[in-house]
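Letters A, B, ... mirror the listed sequences (proteins, then strands); counts begin at 1. Computed from a prediction, not measured in an experiment: that's the story for all the values here.
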Protein chains: 2
Amino acid sequence: MRDVAERAQVSVASVSRVLNGLGVTSDATRQRVLDAVEDLRYVPHFGARSLSTSKNDTIGVILPDLFGEFFSELIRGMDLAARAHGKHLIVSSSHDGADDTLAAVRSMRGRVDGMIVLSPHLGAANLASEFAGRMPVLLMNGGTAEAGRAAIMIDNHGGAVGAVEHLIATGRRRIAHIRGAAGNIEADTRAAGYAAALDGHAPIIVEGDFSQASGHRAATQLLAMPERPDAVFAANDMMAVGALLAFQEAGVRCPEDIAVVGFDDVPIAALMRPALTTMRVNIAEIGRRGVERLIGLVQAGQHADAQDTACEIVRPILVERQSTAAASSARFNKG
Amino acid sequence: MRDVAERAQVSVASVSRVLNGLGVTSDATRQRVLDAVEDLRYVPHFGARSLSTSKNDTIGVILPDLFGEFFSELIRGMDLAARAHGKHLIVSSSHDGADDTLAAVRSMRGRVDGMIVLSPHLGAANLASEFAGRMPVLLMNGGTAEAGRAAIMIDNHGGAVGAVEHLIATGRRRIAHIRGAAGNIEADTRAAGYAAALDGHAPIIVEGDFSQASGHRAATQLLAMPERPDAVFAANDMMAVGALLAFQEAGVRCPEDIAVVGFDDVPIAALMRPALTTMRVNIAEIGRRGVERLIGLVQAGQHADAQDTACEIVRPILVERQSTAAASSARFNKG
DNA sequence: ATAGATGATGTAATCGGTTACATGACACAG
DNA sequence: CTGTGTCATGTAACCGATTACATCATCTAT
């Protein structure tokens, strides 16, 4: 920068003013500075700027090991919002355990203005926000709301209830649930919603881990049961897809013999045959919203202590497709 | 940091030494410093460190508007490699045009040690590397190699040839191509490979844009042709999936009436029915490799000017699935 | 003609670390 | 007892920007 100032025959202060558009500068000076910047291919040093202004226009995102389309949709939404506000996004993904998540939080402290932490482990989320110290953190852990913590959460319980109620409404009675890994808050909450909505029907639960392969395995277990279920609520779409494929391989028809509902509405859900009924969550929108709110927190933190500590809840919407067509009408269509 | 030094009754130099593990420190001092850090919840200021050391342990990734699974796989690989080296990843995606890409490059200069630019526009890639100045840039633009530029590229031409040759080998003769948008290097190269491999068969080309919807539209066009093709090579898997769905809706059987080959081998390819034959590219591995090489470039740039300017080429592998089962055997199986 | 306002620019302190070099304590050999 | 080497630690310059404040020139009003 000194070089630029020298070449433009001005002081560093003027260069700074021109580059940031602050304060007053004459057109002649401005032009000379810009020319010098051009000639010298000058690039302001980010660290130095961050040091003087104690801001860095960067927000961190810490994600668990997410599955394909959920991940990309989320990042797309976040990236869009960040770009709109001139912020950068530091992404660190594939964090499994609480320790791992914590390490990621630590390594980002001091280099971001705020963080968004998605963690399916409640403990991790708590620790993370503790460790973050005075830096704003937005939680998207799918767990229960905590007072004083900004958060965006999916109504996993309500979504599960909606899915099961839909199955009951379309005439299903023996409704099974392929759940996510125990200890994962989202998995637990969806399982609780399933149980709550059964309305007297017997619960049939098999374990999965949100992966397509686990859905396949779980479906195979269901088929081996003496009294076969006539419907399955899978805790996410990928497991539902795995289940659909297992049913196909076993010659079990969907939706005639067994109905399937997923959760998330990833793009693949609409592409399956039969197309998958699911609880839609607008993933990109959640990502966008998360970034918007975090930026709000960052700015609020600078001005006053009026913090936004609301817990926003996103309610999934039922999207009906072929996989839960009423058995009778399915037969009719099949003609 | 001054506070920490004071509390630990040492100088800032000792604090720095303890925190970075450099130089010699007595155990007693180390412990007192660590305690003070703990008590004060001290977090080193990233900008300041970056200012003194002129490094920031961050690499930037600029991506075009990628489709779901390709995107997440790529990031997964990159994130893994970056974490292994203690680097952070700044991601900026969804850049369509050359201008957009360029703006992203500009906004990252000065805050990353190096960049990976994926741009389907040759011009953009060139400009990007120019604008980056002395910062290392790894190109993954799918275009032709340029001397003196580190790059990793997919052998799009060879992959397309492989796909078409496979179709010919399985007895197909009227082979159509659903290409990506004109001006996109990958689309152009794959189309060229298609044309080169036709071996005398008449070219049948319809336009797409890599989206599933465009594949669907293109397939509809193909079906409307007086002499219907008996095979389709789609420039990527998503278009192939769109085509498969269009064929299904039209009652055209795959692979019996028409065979389909895609490109990429995204996870969904194996889940479709019929499962999609495709040219596999190990996306995560490419991402990982890209980061590894960029880090190599960054380190080399610090030590000497021995730059790694190699252009690595990744060759797609044919993965045969149902969608191109030989017509005769397909009929047989169907029996 | 001169005080005072206005507007452009320069000076220098500051942000929070890193690190070359200086200093001081201590042990040991001669 | 003194010279020398070793090890732990402190001092202060420096990285490259921002910005409060000082300065100076020019213009206006009286």
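In this structure B/R288 satisfies the salt bridge (Lys or Arg N to Asp or Glu O under 4.0 Å) test together with B/E285, B/E292, sequence neighbours excluded. Take B/S72 and apply the side-chain hydrogen bond (donor to acceptor under 3.5 Å, both in side chains) test, not counting sequence neighbours, and it matches no residue. Residues satisfying the side-chain hydrogen bond (donor to acceptor under 3.5 Å, both in side chains) criterion with A/T58, sequence neighbours excluded, are B/R111.
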Close N or O pairs between protein and nucleotides 9-12 of chain D (under 3.5 Å):
residue	atom	partner	partner atom	Å
D/dT9	OP1	B/S26	OG	2.9
D/dT9	OP1	B/T29	OG1	2.1
D/dT9	OP2	B/S26	N	2.9
D/dT9	OP2	B/S26	OG	3.4
D/dT9	OP2	B/T29	OG1	3.1
D/dG10	OP2	B/S11	N	2.7
D/dG10	OP2	B/S11	OG	3.1
D/dG10	OP2	B/S14	OG	3.0
D/dG10	N7	B/R17	NH2	3.0
D/dG10	O6	B/R17	NH1	3.3

Could you write out each protein N or O paired with an N or O of nucleotides 13-16 of chain D at a distance under 3.5 Å?
residue	atom	partner	partner atom	Å
D/dG16	N2	A/A48	O	3.4
D/dG16	N2	A/S52	OG	3.4

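The existence of a salt bridge linking A/D79 and A/R76 is excluded, since no basic side-chain nitrogen approaches an acidic carboxylate oxygen closer than 4.0 Å. Note on A/R7 versus A/D3: no salt bridge recorded, every NZ/NE/NH1/NH2 to OD/OE distance being 4.0 Å or above. Salt bridge present: B/R83 and A/D100 bring a charged side-chain N and a carboxylate O closer than 4.0 Å.
Between chain A and DNA chain C, the heavy-atom contact criterion of under 4.0 Å yields a 5' to 3' nucleotide range of C/dA8 to C/dG16.
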> What do the steps show when you test B/R32 against B/D27 for salt bridge (Lys or Arg N to Asp or Glu O under 4.0 Å), and what is the final call?
Replying inline: CA-CA 9 Å; B/R32 259 184 304 147; B/D27 287 352; over 6 Å; no

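Between the side chains of B/Q31 and B/D35, a donor-acceptor pair is found at a separation under 3.5 Å.
One atom, CD of B/Q31, and another, C1' of D/dA8, lie 17 Å apart when rounded to the nearest Å.
At least one side-chain heavy atom of A/N184 sits less than 4.5 Å from a side-chain heavy atom of A/F210. Between A/L19 and A/V33, the closest side-chain pair of non-hydrogen atoms falls below 4.5 Å.
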